[in-house]
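A note on names: the letters A, B, ... follow the listed sequences, proteins ahead of strands, and every chain is numbered from 1.
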Number of protein chains: 2
Amino acid sequence: MIRHLVLFKLNEGVSHDDPRVSAGVAAFTALGGRVPEVESWEFARNLSDRSNAYDYAINAAVADRDALRRYADHPDHQAGVALWREFATWVIADYEF
Amino acid sequence: MIRHLVLFKLNEGVSHDDPRVSAGVAAFTALGGRVPEVESWEFARNLSDRSNAYDYAINAAVADRDALRRYADHPDHQAGVALWREFATWVIADYEF
């Protein structure tokens, strides 16, 4: 199994109640149920006020690297990424578990 | 339950086989079993070659915010953080699940 982690940081000046953020949150909240390769899915808003805290996180699991590639290529994933590109940056880590 | 995610990036010029990295990896590999508050623990090296991929990740779960505070204050956690400060930076996200 491969774990796929993503931490998102809103761009400077973008607030959580920006309608673009709301649309992006809705897209990623639903995404786990729309991509068959996703075996577990958590998408959530950060609650830490530490200075190195990012704003949102994805914590997902897929079977293997092929499944991760199909997830990345899925049109609903691509559409969500296009939304988030407008107001956030992110970093990732993938690992076997 | 609270999920605690940490993504670590090695500083410029630091390689995975740097002995400081080996010591830090050993410390965080063992940490989950040393802190009573930790209910699930994954610490792993990233396998993605994407440009926004960080190098290591912690994916842990604790009961609540008090447990997260006790985890953060635990001497073994503090000792691990002190090691990692010498060769890496990191970002975090915590969320309820």
Side-chain angles (χ1 to χ4, degrees), chain A residues 1-11 16 21 24-25 28-29 32 38-73 77-78 80-81 84-85 88-97, chain B residues 1-11 16 21 24-25 28-29 32 38-73 77-78 80-81 84-85 88-97:
Chain A
M1 296 281 290
I2 289 184
R3 190 80 73 190
H4 176 58
L5 303 181
V6 191
L7 269 58
F8 299 89
K9 187 170 184 58
L10 299 183
N11 292 343
H16 286 284
V21 178
V25 166
F28 279 169
T29 300
V38 171
E39 303 203 11
S40 80
W41 181 260
E42 294 170 0
F43 169 74
R45 179 171 167 178
N46 166 65
L47 54 75
S48 171
D49 58 6
R50 284 169 55 184
S51 61
N52 63 341
Y54 270 28
D55 296 305
Y56 291 89
I58 287 171
N59 185 350
V62 296
D64 52 29
R65 290 187 193 217
D66 284 343
L68 186 59
R69 199 168 304 117
R70 290 195 298 275
Y71 160 78
D73 291 343
H77 175 257
Q78 291 290 333
V81 168
W84 281 77
R85 273 208 195 99
T89 57
W90 54 91
V91 296
I92 72 155
D94 301 328
Y95 58 87
E96 292 190 34
F97 72 104
Chain B
M1 297 282 289
I2 290 184
R3 189 79 72 189
H4 175 58
L5 303 181
V6 191
L7 268 59
F8 300 88
K9 187 171 184 58
L10 299 183
N11 292 343
H16 287 285
V21 178
V25 165
F28 279 169
T29 300
V38 171
E39 304 203 10
S40 78
W41 181 261
E42 293 169 2
F43 169 73
R45 178 171 167 179
N46 167 65
L47 55 77
S48 171
D49 58 5
R50 284 170 54 184
S51 61
N52 63 340
Y54 271 28
D55 296 306
Y56 290 89
I58 286 172
N59 185 351
V62 296
D64 53 29
R65 289 186 193 222
D66 284 344
L68 186 59
R69 199 168 305 117
R70 290 195 298 276
Y71 160 77
D73 291 343
H77 176 256
Q78 291 289 333
V81 168
W84 281 77
R85 272 208 196 98
T89 57
W90 53 90
V91 297
I92 71 154
D94 300 331
Y95 59 87
E96 293 191 34
F97 71 104

Given 3.5 Å as the limit, does a donor-acceptor pair link the side chain of B:Asn46 with the main chain of A:Asp94, or not? yes

Tabulate, in ascending numerical order, the residues of residues 50-57 of chain A having at least one heavy atom closer than 4.5 Å to a heavy atom of chain B, or enter 'none'. A:Arg50, A:Asn52, A:Ala53, A:Tyr54, A:Ala57

Test A:Val91 against B:Lys9 for side chain to side chain contact (heavy atoms under 4.5 Å, CB included), laying out the working first. CA-CA 10 Å; A:Val91 296; B:Lys9 187 171 184 58; over 6 Å; no

When B:Leu47, B:Leu5, B:Ile2 are compared by non-hydrogen pairs under 4.5 Å with chain A, the top option: B:Leu47

Minimal heavy-atom distance between A:Phe97 and B:Glu42, with the atoms involved, is CD1-OE2, 3.6 Å

Using a cut-off of under 4.5 Å on heavy-atom pairs, state which of A:His4, A:Arg65, A:Arg45 scores highest against chain B. A:Arg65

By ring-ring contact (aromatic ring centres under 6.0 Å, His included), which residues pair with A:Trp41, not counting sequence neighbours? none

